[in-house]
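Before any comments, here is the structure.
No experiment lies behind these values; they were computed from the predicted model shown.
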Amino acid sequence: MGLINGSICLSDIPKEKIKVGKDGRKYLNICIAERREPDMYGNTHTIYVSQDKEEREAKANKCYIGSGKEYNPQPAASPEQVDRMPVAEEVDDLPF
């Protein structure tokens, strides 16, 4: 599996879900789930605010805040692959 590149809408985050840690920093617990099918923009994952136990048991609506898609970086060519690449012909037709 590769990376998931995504974006979230900060305006959609419920302020009561933002927690302040012991270090004084603000945190938001999120879930990233794979979509059944990509959306019209090719996003393969959806991002929503984590629910607590009571919300899950009550089957409360999820607060969707973003989406993303999987990114699989292509590995660099191995030395064996480079050796098999065709060699360009040397052409000396420059006017200078």
Side-chain angles (χ1 to χ4, degrees):
M1 184 168 121
L3 304 170
I4 305 296
N5 286 331
S7 64
I8 61 172
C9 179
L10 298 176
S11 302
D12 289 348
I13 296 173
K15 303 301 179 225
E16 68 274 7
K17 291 286 190 169
I18 299 172
K19 307 295 180 198
V20 179
K22 293 177 184 175
D23 57 4
R25 297 182 190 182
K26 296 178 181 178
Y27 295 90
L28 175 69
N29 292 327
I30 62 168
C31 287
I32 301 173
E34 190 171 1
R35 299 173 57 95
R36 289 186 189 133
E37 295 180 18
D39 67 10
M40 62 190 281
Y41 303 106
N43 292 308
T44 55
H45 291 74
T46 186
I47 305 168
Y48 59 92
V49 178
S50 294
Q51 293 180 316
D52 59 28
K53 183 178 179 180
E54 291 79 24
E55 290 170 321
R56 288 190 304 273
E57 289 175 352
K59 305 229 185 268
N61 290 334
K62 293 181 174 109
C63 179
Y64 292 94
I65 58 172
S67 58
K69 59 181 87 173
E70 191 169 351
Y71 170 71
N72 290 308
Q74 298 302 314
S78 68
E80 296 85 26
Q81 289 172 319
V82 172
D83 289 341
R84 286 183 268 156
M85 296 177 110
V87 178
E89 289 184 31
E90 195 170 313
V91 178
D92 190 14
D93 61 349
L94 298 175
F96 49 91

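- In this structure, Ile32 CD1 and Ile47 CD1 are separated by 5.0 Å, a value rounded to the nearest 0.5 Å.
- Looking only at distances, a side-chain donor or acceptor of Lys69 sits under 3.5 Å from a matching main-chain atom of Tyr41.
- In this model, a donor atom of one side chain and an acceptor atom of the other lie less than 3.5 Å apart for Ser67 and Asn43.
- With rounding to the nearest 0.5 angstrom, the OG1 atom of Thr44 is 8.5 Å from the CG atom of Asp39.
- Residue Ile8 is grouped with residue Ile30 when hydrophobic side chains (ILVMFWY) are merged at heavy-atom distances under 4.5 angstrom, including chains of intermediate members.
- Linking Ile, Leu, Val, Met, Phe, Trp and Tyr whenever their side-chain heavy atoms come within less than 4.5 Å leaves Val20 and Ile18 in two separate clusters.
- A distance of 12.5 Å separates SG of Cys31 from NE2 of His45, quoted to the nearest 0.5 Å.
- The number of heavy atoms from other shown groups lying within 6.0 Å of CG (Asn61) does not exceed 12.
- Shown here for Glu16 and Lys19, the closest heavy-atom pair between the two residues is O-NZ, 3.4 Å.
- Atom OG1 of Thr46 and atom CZ of Arg36 lie 12.0 Å apart (nearest 0.5 Å).
- A distance-only check finds no donor-acceptor pair linking the side chain of Glu57 to the backbone of Glu54 [under 3.5 Å].
- The environment of CD in Glu37 is sparse: at most 12 heavy-atom neighbours from other residues, nucleotides or ligands sit within 6.0 Å.
- A distance of 5.0 Å separates CG in Leu28 from CD1 in Ile13, rounded to the nearest 0.5 Å.
- Separation of atoms NZ (Lys17) and CD (Gln51) is listed at 7.0 Å; rounding is to 0.5 Å.
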